[in-house]
Asks: 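Following this message is one structure expressed as structure tokens.
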Amino acid sequence: MSYQKPIPLKNHDNHPYWDSADRHELSLQKCETCQEYAHPPGPSCAKCGGTELSWVNLGSDIKGTVYSYIVSYRPFLPGFQDDIPLITAIIELESVPNVRIIGNILDCKSEEIAIGLPVKMTWVDITEDRALPQWKVV
Ligand SMILES: [Zn+2]
């Protein structure tokens with residue numbers, strides 16, 4: 001059966017992020033002016049407004065901790081009915097503490113999730129050429 005959930009759209013600003021995800025890697029946008037990382041990616045730096053942006057590949061070994069989370073007990077979109085309860089979390093990256101990435105935490109019971117829990121990024125192949133970054137408890 002084909003993938004039933006929404007597939008993130010690539011655009012001019014974010015396609016390097018999703019292209020990396022499709023290869024099971026994380027790339028982040030970095031401002032050449034103030035050297036800050038930014039996520040989600042945009043046309044200019046959220047901190048200084050600089051438009052000289054580059055991309056840094058952080059590879060496949062991505063660790064972080066749970067900064068905040070919610071647990072959904074009913075599906076808000078078609079395709080999620082088998083994932084309930086679904087944990088959606090904001091993850092603070094270990095190597096780049098200013099950057100937080102939202103994703104689902106897989107294979108985790110709702111009573112086990114906690115702020116500060118260590119997690120690592122994992123990628124779920126959702127179509128032949130697309131993969132979705134998600135998180136698993138370490
Ligand atoms: Zn900047």
Asks: When clusters are formed by joining ILVMFWY residues with side-chain heavy atoms under 4.5 Å apart, either directly or through shared neighbours, do Trp18 and Leu53 land in the same one?
Replies: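 Different hydrophobic clusters.
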Asks: Start with the C-alpha gap between Ile105 and Tyr69, add the side-chain angles, then the distance that decides, and say whether side-chain contact (heavy atoms from CB on, under 4.5 Å) holds.
Replies: CA-CA 9 Å; Ile105 299 186; Tyr69 66 90; 5.7 Å; no
Asks: Given side chains that start at C-beta, do those of Leu132 and Pro8 come closer than 4.5 Å, heavy atoms only?
Replies: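 Yes; the side chains approach each other to less than 4.5 Å.
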Asks: Establish whether Trp135 and Phe80 are linked, either directly or via other cluster members, by ILVMFWY side-chain heavy-atom contacts under 4.5 Å.
Replies: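 They do not share one cluster, since no chain of ILVMFWY contacts under 4.5 Å joins Trp135 to Phe80.
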Asks: SG of Cys108 to NZ of Lys136: how many Å apart, nearest 0.5 Å?
Replies: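 It is 11.5 Å, given to the nearest 0.5 Å.
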Asks: Would a distance-only check, ignoring hydrogens and angles, find a side-chain to backbone donor-acceptor pair under 3.5 Å from Asn14 to Leu9?
Replies: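 Answer holds: yes.
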Asks: Identify the heavy atoms of Leu58 and Ser95 that sit nearest to each other, and give their distance.
Replies: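 Scanning both residues completely, I find the closest heavy atoms to be CD1-OG, 4.4 Å.
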Asks: Between Thr65 and Val119, is a side-chain contact (heavy atoms from CB on, under 4.5 Å) present by the stated rule, with each step listed?
Replies: CA-CA 6 Å; Thr65 54; Val119 293; 5.9 Å; no
Asks: Looking at Ala131 and Trp123, what are the two nearest heavy atoms and their distance?
Replies: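 Closest approach of Ala131 to Trp123, heavy atoms only: CB-CB, 4.4 Å.
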Asks: If you measure from NZ on Lys47 to CD on Glu36, what distance do you get to the nearest 0.5 Å?
Replies: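 If I round to the nearest 0.5 Å, the distance is 4.5 Å.
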Asks: Say whether Leu77 and Tyr3 are linked into one hydrophobic cluster, either directly or through other cluster members, by side-chain heavy-atom distances under 4.5 angstrom.
Replies: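 Cluster IDs for Leu77 and Tyr3 differ.
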Asks: Less than 4.0 angstrom from a charged side-chain N to a carboxylate O is my criterion; do Arg130 and Asp125 meet it?
Replies: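 Answer for the salt bridge query: no.
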Asks: Return the CH2 to CD distance between Trp55 and Gln29, rounded to the nearest 0.5 Å.
Replies: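 With rounding to 0.5 Å, CH2 (Trp55) is 5.0 Å from CD (Gln29).
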Asks: Sort and list the pairs that fulfil salt bridge (Lys or Arg N to Asp or Glu O under 4.0 Å) and have at least one residue in residues 65-82, not counting sequence neighbours.
Replies: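 Output for this query is empty, none listed.
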Asks: For residues Ser27 and Pro16, report the shortest heavy-atom separation together with the two atoms involved.
Replies: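 Where Ser27 meets Pro16 most closely, the heavy atoms are CB-O, 4.1 Å.
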Asks: How many angstroms lie between atom CD1 of Ile7 and atom OG1 of Thr127, to the nearest 0.5 angstrom?
Replies: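 Spacing of CD1 (Ile7) from OG1 (Thr127) equals 5.5 Å.
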Asks: Are Leu26 and Ile102 connected into the same hydrophobic cluster when the rule is that any two of I, L, V, M, F, W, Y join if their side-chain heavy atoms are below 4.5 Å apart?
Replies: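 Ile102 does not cluster with Leu26.
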Asks: For Thr33, does its backbone N or O pair with a side-chain atom of Gln35 as donor and acceptor, under 3.5 Å?
Replies: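 No, the answer is negative, given that no donor and acceptor are paired below the 3.5 Å cut-off.
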Asks: I'd like to know whether NZ of Lys10 has more than 12 heavy-atom contacts from other residues, nucleotides or ligands below 6.0 angstrom.
Replies: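 Enclosed.
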Asks: So which heavy atom on Cys34 is nearest to which on Cys31, and how close?
Replies: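 Here Cys34 and Cys31 meet closest at N-SG, 3.4 Å.
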Asks: Would you say Leu106 and Tyr67 are hydrophobically clustered, going by side-chain heavy atoms of ILVMFWY under 4.5 Å?
Replies: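 No, no single cluster joins them.
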Asks: Say you draw a straight line from CG of Asp107 to CD of Gln134; how long is it, rounded to the nearest 0.5 Å?
Replies: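 CD of Gln134 is found 10.5 Å from CG of Asp107.
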Asks: Does a salt bridge link Lys109 with Glu111, judged by any charged N lying under 4.0 Å from a carboxylate O?
Replies: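 Looking at Lys109 and Glu111, the cut-off is not met.
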Asks: Apply salt bridge (Lys or Arg N to Asp or Glu O under 4.0 Å) to the pair Lys5 and Asp83, showing each step before the final yes or no.
Replies: CA-CA 11 Å; Lys5 299 168 191 170; Asp83 298 340; 2.5 Å; yes
Asks: Do any N or O atoms from the side chain of Ser60 and from the backbone of His24 form a donor-acceptor pair under 3.5 angstrom?
Replies: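 Side chain of Ser60 to backbone of His24: a pair is present.
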Asks: If only side-chain N and O atoms count, and only distance matters, is there a donor-acceptor pair under 3.5 Å linking Ser20 with Asp22?
Replies: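 Short answer, no.
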Asks: Donor-acceptor pairs under 3.5 angstrom involving side-chain atoms of residues 84-94: please list them, not counting sequence neighbours.
Replies:
{"unit_1": "Thr88", "atom_1": "OG1", "unit_2": "Asn104", "atom_2": "ND2", "d": "3.0"}
{"unit_1": "Glu92", "atom_1": "OE2", "unit_2": "Arg100", "atom_2": "NE", "d": "3.1"}
{"unit_1": "Glu92", "atom_1": "OE2", "unit_2": "Arg100", "atom_2": "NH2", "d": "3.1"}

Asks: For the residue pair Glu32 and Ser54, confirm or rule out a side-chain donor-acceptor distance under 3.5 Å.
Replies: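 Side chains of Glu32 and Ser54: pair found under 3.5 Å.
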Asks: Would you call the rings of His39 and Tyr17 parallel, tilted or perpendicular, where under 30° means parallel and over 60° means perpendicular?
Replies: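 His39 vs Tyr17 ring planes: tilted.
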